[in-house]
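Everything below concerns the one structure shown next.
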Protein chains: 2
Amino acid sequence: MTTINDIAKLAGVSRTTVSRFLNNSGYVGQEAGERIAQVINETGYMPSQSAQTLRTKKTGVIGIILPKISTETSSRVVSGINRVMKREGMQILLTDTELDPDKEIEYLRLLKSRQADGIILLATNIGERLQQEIEAFPIPVVALGQNIPGVPSLTYADYDASSDIMQLLIGKGHRKIGFIGVSETDPAVGKLRQGAYTDAMKRHNLEVKESWMAEGDFSIDSGYEAMKRIITGNRSALPDAVFCVTDRMATGAMEYLKEQGFSIPGDVAVAGIGDAVMARYITPSLTTVNYYNEEAGEAVGEMLLETMAGIKHSKKMMHKYRLIKRDSV
Amino acid sequence: MTTINDIAKLAGVSRTTVSRFLNNSGYVGQEAGERIAQVINETGYMPSQSAQTLRTKKTGVIGIILPKISTETSSRVVSGINRVMKREGMQILLTDTELDPDKEIEYLRLLKSRQADGIILLATNIGERLQQEIEAFPIPVVALGQNIPGVPSLTYADYDASSDIMQLLIGKGHRKIGFIGVSETDPAVGKLRQGAYTDAMKRHNLEVKESWMAEGDFSIDSGYEAMKRIITGNRSALPDAVFCVTDRMATGAMEYLKEQGFSIPGDVAVAGIGDAVMARYITPSLTTVNYYNEEAGEAVGEMLLETMAGIKHSKKMMHKYRLIKRDSV
DNA sequence: CTGAAAGCGCTTACAG
DNA sequence: CTGAAAGCGCTTACAG
């Protein structure tokens, strides 16, 4: 590999001058500059990132901690983050916890040793240990999707969006509304969305039957199984609508319903959250809410950039959303 | 940040010893080791990656150049690559060309300056300039999805898979088969799949009508528009089947067909390639071929690891695939 | 079993 | 306008 010393020698200047030329810092004589430019061109020289980092403490890399790398939401968010980071000439280091909370901490440490300039965390929990880790953390961390105490967080409007879905269902005359959720260890998807469900039911004096509620694990299959449990467990008192906290689980639920010959929304209405592309193309098309994940990615990206620059804006922000009414309700 | 010097001081040894302890290289006394371990624990010390890289020339990072970051195929592939890289303790740097061929070269250079230990390239072309760039490249590059001359490449069996689709269509009695493809600048998706289509038609003495063929750009919308062009342009001689080179375009095509009241596969059969999750859940479910993207990701990952280790195996490999017969044909 | 010393490729005061 | 020198945090012969 050619180094700055090679360039200096070939151009007949000191490496100090080459460095100045490269970074546009300080004066470089016309003639010297031209010689340097030419040599760089000929050799295809690129400064060593690690040497630069060692000196400047800046890597130009930010880390993203994802719950699951191969997910529609993840890739939309990453795409948004990537857009703003590219603008700043920064690179992205991806990390995948596979839904294991311990790995969130593990990767935080890993990204520290890689000297990421900042970290965007898409957590699935907000545990004590995680908070402590971040508190003592030497590099800026922002969160997306979960409101982590003490950490600048951009969250989705889980409660409001879920309330809107419930409102829509109830407005359409549904009274026996079931629910397919995820574990409450997940504050955003597990707790908040379920809270909106039970609150809405109570507000309208509707009965919340335990047997109308089932838990999945985000997967399409788990939605299918959850729906099956709800149906087989309530032969005599079937719900007439089901609110699923993700589109994937809603897709599975619909699959089961269709297999069993139920008409959607005639017999049972179904709604989800997330607006996966699939939601639009399955039959019937799925009523859901769009979270603008890509824009959310851009927004956390900007948040991170700001906190890296030392700007302390309002620490908590909620991202916009939009209810998408389609044919499943 | 605590450095190796701090640790050495706190543990009352030289930094040489700390380094040996860290890397398990050479002897470290029992007692010294214990003291070091304790200090490291207390301080949460992590060695600086950039300093290590500067010395050893290894970053522990591999770069991936993706045509589009937020795509189902991409995220599956990345997930597979990630699995093998994680096993090796390596990290992934993601890069997105947004389908711009110039950026493939740009990112190659960027990853060089970041001293990636290796690069996995998901190209959309195999142009001269790209080949030259790679030829002179100081770090190992492997390709996935395109067969790039001179570069170890893992490709999908585009021709065979497409032939299988055609075989299926023809076997079901279809004779007037249309085609929705992408630009032929893409050798794998554009050329090979189209070649299989025309070859199959000719082999069976079936007429290939220009007006039955349309080009899209991978998007669902473009599939919709392509189908529209085919239908509106052939009112008197409609095809009775359409082979779409991607599931997303097939989805768009089906959408148009359904809107227009055509029955699928009664009036027009539709097939795709890729086995997007959506393929299974749209109505009718889509006949397609599964490319095992995640395993392909693992496989290129291994290929890269091997070529990084200096192993020169057979440079060209084709990944397995499976025809998935569903209800759209 | 352990340490002093050199060096990886840069940047940045400092001096001229 | 330009260069010599120090130093970033490691690892690795080498010597003991």
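Proteins come first, then strands; the chains are lettered A, B, ... in the order of their sequence lines, and each starts at number 1. Below, all heavy atoms of this structure are taken into account, side chains as well, without hydrogens, waters or symmetry copies.
The closest side-chain heavy-atom distance from A:Glu72 to B:Thr71 is not below 4.5 Å.
Look at CZ on B:Arg114: it is 18 Å from P on C:dG9, rounded to the nearest Å. Rounded to an integer number of Å, the gap from CG of A:Asn23 to P of C:dC10 is 11 Å. Rounded to an integer number of Å, the gap from B:Arg20 CZ to D:dC10 P is 16 Å. The CD atom of A:Gln49 sits 15 Å away from the C1' atom of C:dC8 (whole-angstrom rounding). Across the protein-nucleic acid pair, A:Lys58 atom NZ and C:dG9 atom P stand 24 Å apart, rounded to whole Å. For the pair A:Arg35 CZ and D:dC1 P, the computed distance is 14 Å after rounding to whole Å. The distance from atom CD of B:Gln115 to atom P of C:dG9 is 9 Å, rounded to the nearest whole Å. Summarising the geometry, the separation between CD1 on B:Ile7 and P on D:dG9 is reported as 12 Å, rounded to the nearest angstrom.
Within the 4.0 Å cut-off from OP1 or OP2 of C:dG9, not a single side-chain nitrogen or oxygen of A:Ser48 is found. Of the side-chain N and O atoms in B:Gln52, none sit less than 4.0 angstrom from OP1 or OP2 of D:dG9. Proximity of B:Asn5 to the phosphate of D:dC10: no side-chain N or O atom is located under 4.0 Å from OP1 or OP2. Residue B:Thr3 places no side-chain N or O under 4.0 Å from the OP1 or OP2 atom of D:dG9. Taking only side-chain nitrogens and oxygens, A:Lys57 comes nearer than 4.0 Å to OP1 or OP2 of D:dG9.
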Hey, mind stepping through A:Thr155 and A:Ser153 against side chain to side chain donor-acceptor pair (under 3.5 Å) and telling me if it holds?
-> CA-CA 6 Å; A:Thr155 54; A:Ser153 309; over 6 Å; no

B:Gln38 and B:Glu42: CA distance, side-chain angles, deciding distance, side chain to side chain donor-acceptor pair (under 3.5 Å) verdict = CA-CA 6 Å; B:Gln38 197 192 342; B:Glu42 285 167 1; 3.1 Å; yes

Candidate pair B:Ser48 and A:Gln115, rule side chain to side chain donor-acceptor pair (under 3.5 Å), full reasoning = CA-CA 7 Å; B:Ser48 150; A:Gln115 293 166 78; 3.0 Å; yes

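Closest to the B:Thr17 side chain, of the nucleotides D:dG9, C:dC8, C:dT2, is C:dT2. Closest to the side chain of A:Tyr27, out of D:dT11, D:dG9, D:dC1, is D:dC1.
Residues A:Gly12 and B:Tyr45 each lie close to DNA chain D; by heavy-atom proximity, the contact nearer the 5' end of the strand is made by A:Gly12. Judged by closest nucleotide on DNA chain C, B:Val13 is the one of B:Val13 and B:Ala51 placed further toward the 5' end. For the pair A:Gly33 and A:Arg15, nearest-nucleotide mapping onto DNA chain D gives the more 5' position to A:Gly33. Where A:Arg55 and B:Thr16 each meet DNA chain C at their nearest nucleotide, the meeting point lying more 5' is that of B:Thr16.
Using a 4.0 Å cut-off between charged side-chain N and carboxylate O, B:Glu104 and B:Arg129 make no salt bridge. At a threshold of 4.0 Å, the pair A:Glu298-A:Arg83 counts as salt-bridged, since one of the basic side-chain nitrogens sits closer than that to a carboxylate oxygen.
When each of A:Ile120, A:Val78, A:Thr97 is tested with A:Leu66 by the rule side chain to side chain contact (heavy atoms under 4.5 Å, CB included), just one qualifies, namely A:Val78.
When atom types are taken as modelled, the side chain of A:Asp117 and the backbone of A:Gly60 share a donor-acceptor pair closer than 3.5 angstrom.
Looking at heavy-atom distances under 4.0 Å, B:Phe21 makes no contact with the nucleic acid at all.
Listed by first residue number, the stems of DNA chain C with at least three Watson-Crick or G-U pairs below 3.5 Å are C:1-3 with D:14-16, C:5-12 with D:5-12, C:14-16 with D:1-3.
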